[in-house]
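Lettering of chains follows the sequences in order, A, B, ..., and the numbering in each one begins at 1. Only a predicted model underlies this, so the values are computations on that prediction, with no experimental measurement involved.
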Amino acid sequence: MSTEPNPSEQTEAVVSDFIREIVAADVASGKNGSAVVTRFPPEPNGYLHIGHAKSICLNFGIASEHSEGRCHLRFDDTNPTREEIEYVHSIQEDVRWMGFDWGVNQFYASDYFEKLFQFGLELIRSGRAYVCDQSAEDFKRDRGTPTVPGTPSPWRNRTVDENLDLFQRMRAGEFPDGARTLRAKIDMGSPNIHLRDPGLYRIRHAHHHRTGDQWCIYPIYDYAHCLSDALEKITHSICTLEFEVHRPLYDWILQQLPVPAHPQQIEFARLNLSYTVLSKRKLLQLVQEGLVSGWDDPRMPTLAGLRRRGYTASGIRAFCKRIGVTKYNGLTDIALLEYSLREDLNKKALRTLAVLRPLKVEILNYPEGQVEQLEAINNPENPEAGKRLLPFSRTLYIEQDDFMEVPAKKFFRLIPGGEVRLRYAYILKCEAVIKDADGAVIELKCSVDLDSKSGGPTAGRKIKGTIHWVSAAHALETEIRLYDRLFTVESPDGDSEGRDFKTFLNPRSLETIPNAKLEPSIVQASPDQSYQFERLGYFQMDAKDSKPGRPVFNRTVTLKDSWVKTG
RNA sequence: UGUCCGAUGGUGUAAUGGUAGCACAAGGCCCUUUGGAGGCCUUUGUCAUGGUUCGAAUCCAUGUCGGACAGCCA
């Protein structure tokens, strides 16, 4: 008996990484009572993208691999000036779509504002924090630089009582924005800038999407995040590499306060994808400047965009598994994402015949008015997907690209006098080429080998090429959108000459085909079903712009094409 | 002349002192009523120099290169 796992078991096999090893060791040693509690902590200031998917798969994945594990969804909503409720909803939808469930564990950093304020008072009482009256400019000047130590604020040695009074009056709204901050008293000479008396609270008279006008002071990330983690008794607080230098501050704050837990912060490398930008700031810019149609534009690397384009959650999950988790800051080839997607779509997509750029074909020896219903396979990779009928008649459309009057080398599709097989139908022979006044080919007069239909006496004849087709009288006209990468260079945001990332936008990232011809069965299409238009690629019905009887299809990704044009 | 982190084929990763392996990409072949899928094969790698060791991608030292950090953003 073979003990080798079957392929499907292999794809489900859990792959480990350095973070999972840490978690497993902690569980084994009984640390945290062997509990595993992670969290995914987005700021609701933009849509989630493929980079977040990596973090979602990591945090929810680790939690699901431990029997009592759980992962919290926590909105890091400490900056009311950029956060919106629309983003909260989109984040919830996207995490669910990715296939994860946070159950009752949905939280907001703003849930903890009162506790955080009390902790602030506590820090003041113990002499670990003070109210500083410096302006932002002075604060910046005195902070020093990575190589030059900072100098202490003149307000550093206020009395506890004065600090307590001032902090409470900050909360009460007595001071304008920016007039004062609460600062931790740590070490202005520290080689780590984040330990040079970092700000903990700032004054912002702004309306918060959850707490309304209840607060006019808001905690800063470094202060709110570690305490939120601790209050939720997170065991492993997983974040990206840029927070590595913040870790001493994370630990310092928790050490000063009577918190119920001290989570371990672990950093990993964020995803960088070739030909893509993955920064919320830049994505927001594309949206705001109208360079894309919105956060869910199918060219966007957002989960909403990818979903609309036709990417599947399982394909994205497979990609995340494939790229692994390390501390190496690299650039992942987008081909890896596309491979993961094709692999998934190949198993799921319903095959369809569609002609993007129609060329009319009249079959001279096929009876006028006759219609045959030919059997076609919905998915050769999955017999359970069944079969369908395809109408065939005297007048067809084939792809313009599938005919060449003067064939290139190794072109084995239709040529004058040559034969090609029509998928699921007959062997077709080109008898004559009709051109317009400008010499452009506008129609082909053909004949068909009437014995060559699938199962017929000459069906087995050796014919080099097989092309797709659609019966003209039965075709459904639709709009098809062909997408290409949004940027023309590998690293659009890493330009050494300081050029803006928008310089590299691909002007041909979208091509619209207004009148493609599709086989009639496609009227039943749904935006939840993946399709493969044979020989062309994977397509998804657009959930937004499709109308009854006139669907719009987005090209998700092309088929891998091993035919390279010569000459 | 700061602190922290990192470096394995073109790309992403594995090997946890004991045969450098996998996937993608690239190339070749077979098969095919999708130039898809599938099958087989090939090319290419431990940043450098020392040290420890019977044995080093792994441990140590030094160097080189790369990244993060100077928001009252997260």
- Item | Salt bridge present between A:R210 and A:D111 (N-O < 4.0 angstrom) | yes

- Strictly under 6.0 Å, is that where the ring centroids of A:Y426 and A:F392 end up? yes

- For the ring pair (Phe, Tyr, Trp, His ring centres under 6.0 Å) test, which of A:Y223, A:Y218, A:F113 pairs with A:Y201? A:Y223

- Which part of the nucleic acid, if any, lies within contact of A:A459, taking any heavy atom under 4.0 Å across all strands shown: a base, the sugar-phosphate backbone alone, or nothing? base

- Donor/acceptor link under 3.5 angstrom from A:S454 side chain onto base of B:U33: yes

- Quote, to the nearest angstrom, the P distance that separates B:A25 from B:U11. 15 Å

- Task: Using a 4.0 Å heavy-atom cut-off across all strands, classify A:G144 as base, sugar-phosphate, or nothing.
- Result: sugar-phosphate

- What is the nucleic acid contact for A:R204, judged by heavy atoms within less than 4.0 Å: base, sugar-phosphate only, or nothing? sugar-phosphate

- NA contact type, A:G330, heavy-atom cut-off 4.0 Å: base, sugar-phosphate, or nothing? sugar-phosphate

- Message: Regarding B:G36, can its base be found pairing with the side chain of A:E381 as donor and acceptor, where the two atoms are less than 3.5 Å apart?
- Response: yes

- Item | Cationic N near anionic O, under 4.0 Å, A:E232 to A:R39 | no

- Message: Using OP1 and OP2 only, check whether a side-chain N or O of A:R270 sits under 4.0 Å from B:A68.
- Response: no

- Using 4.0 Å as the upper bound for N to carboxylate O, is an ion pair formed by A:E244 and A:K327? yes

- Remember a base hit wins even if backbone is also touched, and classify A:E267 as base, sugar-phosphate or nothing at under 4.0 Å, heavy atoms. nothing

- Query: Is B:G71 in the syn range, within 90° of 0, or in the anti range?
  - Reply: syn

- Query: Can you check whether A:R143 has a side-chain N or O nearer than 4.0 Å to OP1 or OP2 of B:C72?
  - Reply: yes

- Could you tell me the separation between the CD atom of A:E244 and the C1' atom of B:C69, rounded to a whole number of Å? 11 Å

- Scan A:L536 against the nucleic acid and name what it touches under 4.0 Å (heavy atoms): base, sugar-phosphate only, or nothing. nothing

- First of A:D17 and A:D177 reached from the 5' end of RNA chain B, by closest nucleotide: A:D17

- With C1' as the reference atom in both, quote the distance from B:U58 to B:G35 in angstrom, rounded to an integer. 46 Å

- Task: Would you kindly give the NE2-to-C1' distance between A:H194 and B:U3, to the nearest whole Å?
- Result: 10 Å

- Message: Closest approach to the side chain of A:A136, judged atom by atom: which nucleotide of B:A74, B:G36, B:C72 is it?
- Response: B:C72

- Query: Any side-chain N or O of A:Y221 less than 4.0 Å from the OP1 or OP2 oxygen of B:C73?
  - Reply: no

- Message: Need to verify one output field. Residue with the more 5' nearest nucleotide on RNA chain B, A:D133 or A:G455?
- Response: A:G455

- Take atom P in B:U46 and the same atom in B:A20, then report the distance between them in whole Å. 13 Å

- For B:G18, give its Watson-Crick or G-U wobble partner with both distances under 3.5 Å, or none. B:C54

- Would you say A:S562 reaches B:G36's phosphate, i.e. side-chain N/O to OP1/OP2 under 4.0 Å? yes

- A:D94 and A:S90: side-chain donor and acceptor closer than 3.5 Å? no

- How is A:E43 classified with respect to the nucleic acid when contacts are heavy atoms under 4.0 Å: base, sugar-phosphate, or nothing? sugar-phosphate

- Query: Between A:K280 and A:E43, does at least one N-O distance fall below 4.0 Å, as a salt bridge requires?
  - Reply: no

- Item | Gap between atoms CZ and C1', on A:R342 and B:A25 respectively (whole Å) | 12 Å

- Task: Provide the distance between the two C1' atoms, one in B:C65 and one in B:U49, to the nearest whole Å.
- Result: 15 Å

- Query: What nucleic acid atoms does A:E399 come within less than 4.0 Å of, heavy atoms only: base, sugar-phosphate, or nothing?
  - Reply: nothing

- Query: Starting at CZ of A:F243 and ending at C1' of B:G67, how long is that distance when rounded to a whole Å?
  - Reply: 15 Å

- Has A:T326 got a side-chain N or O lying under 4.0 Å from the OP1 or OP2 atom of B:G6? no

- Partner of B:C73 under the Watson-Crick or G-U wobble criteria, both distances under 3.5 Å, comes out as none

- Message: Starting the side chain at C-beta, find the nucleotide from B:C72, B:U34, B:U3 nearest to A:T466.
- Response: B:U34

- With heavy atoms under 4.0 Å as the rule, sort A:N192 into base, sugar-phosphate or nothing. nothing

- Message: Using a heavy-atom cut-off of 4.0 Å across all strands, would you classify A:H246 as base, sugar-phosphate, or nothing?
- Response: base

- Task: Send over the distance from A:N379 CG to B:U34 C1', rounded to a whole Å.
- Result: 12 Å

- Message: At less than 4.0 Å, is any side-chain N or O atom of A:R535 found next to OP1 or OP2 of B:G35? Yes or no.
- Response: yes

- Message: Around atom CZ of A:R270, are there more than 12 heavy atoms from other residues, nucleotides or ligands closer than 6.0 Å?
- Response: no

- Query: According to a strict under-4.0 Å criterion, is A:R202 in side-chain N/O contact with OP1 or OP2 of B:A74?
  - Reply: yes

- Task: Using a heavy-atom cut-off of under 4.0 Å over every strand shown, decide if A:P380 touches base, sugar-phosphate, or nothing.
- Result: base

- Determine the Euclidean distance between corresponding P atoms of B:G27 and B:A37; express it in Å to zero decimal places. 14 Å

- Who is the Watson-Crick or G-U wobble partner of B:G38, with both distances under 3.5 Å? B:C30

- Does the B:U34 base have a donor-acceptor partner in the side chain of A:R351 within less than 3.5 Å? yes

- When the C1' atoms of B:A23 and B:G9 are considered, how many whole Å apart are they? 13 Å

- Query: Rounded to the Å, how far apart are A:K140 NZ and B:C72 P?
  - Reply: 9 Å

- B:A48 -> Watson-Crick or G-U wobble partner, both distances under 3.5 Å, gives B:U62

- Task: Identify whether any heavy atom of A:S452 sits under 4.0 Å from a base atom; if not, whether one sits that close to sugar-phosphate; answer base, sugar-phosphate or nothing.
- Result: base

- Message: Once you apply a heavy-atom cut-off of 4.0 Å, does A:T332 come out as touching a base, just sugar-phosphate, or nothing?
- Response: sugar-phosphate

- Task: Return the nucleotide paired to B:A68: Watson-Crick means purine N1 to pyrimidine N3 with N6-O4 or O6-N4, wobble means G-U with N1-O2 and O6-N3, both under 3.5 Å.
- Result: B:U3

- Query: Under 4.0 Å between a Lys/Arg side-chain N and an Asp/Glu carboxylate O for A:D133 and A:R158?
  - Reply: yes

- Query: Between atom CZ in A:F18 and atom P in B:A14, what is the gap in whole Å?
  - Reply: 10 Å

- Message: Please give the distance between the C1' atoms of B:G45 and B:G21 as a whole number of Å.
- Response: 12 Å

- Quick one: which of A:K464, A:R461, A:K429 gives a side chain to side chain donor-acceptor pair (under 3.5 Å) with A:E419? A:R461

- Provide the distance between the two P atoms, one in B:C69 and one in B:A74, to the nearest whole Å. 15 Å

- Message: Once you apply a heavy-atom cut-off of 4.0 Å, does A:S190 come out as touching a base, just sugar-phosphate, or nothing?
- Response: nothing

- Message: Whole angstroms only, please: what is the CZ-C1' distance between A:F40 and B:A74?
- Response: 12 Å

- Query: Mind checking who B:G10 pairs with, Watson-Crick or G-U wobble, both distances under 3.5 Å?
  - Reply: B:C24

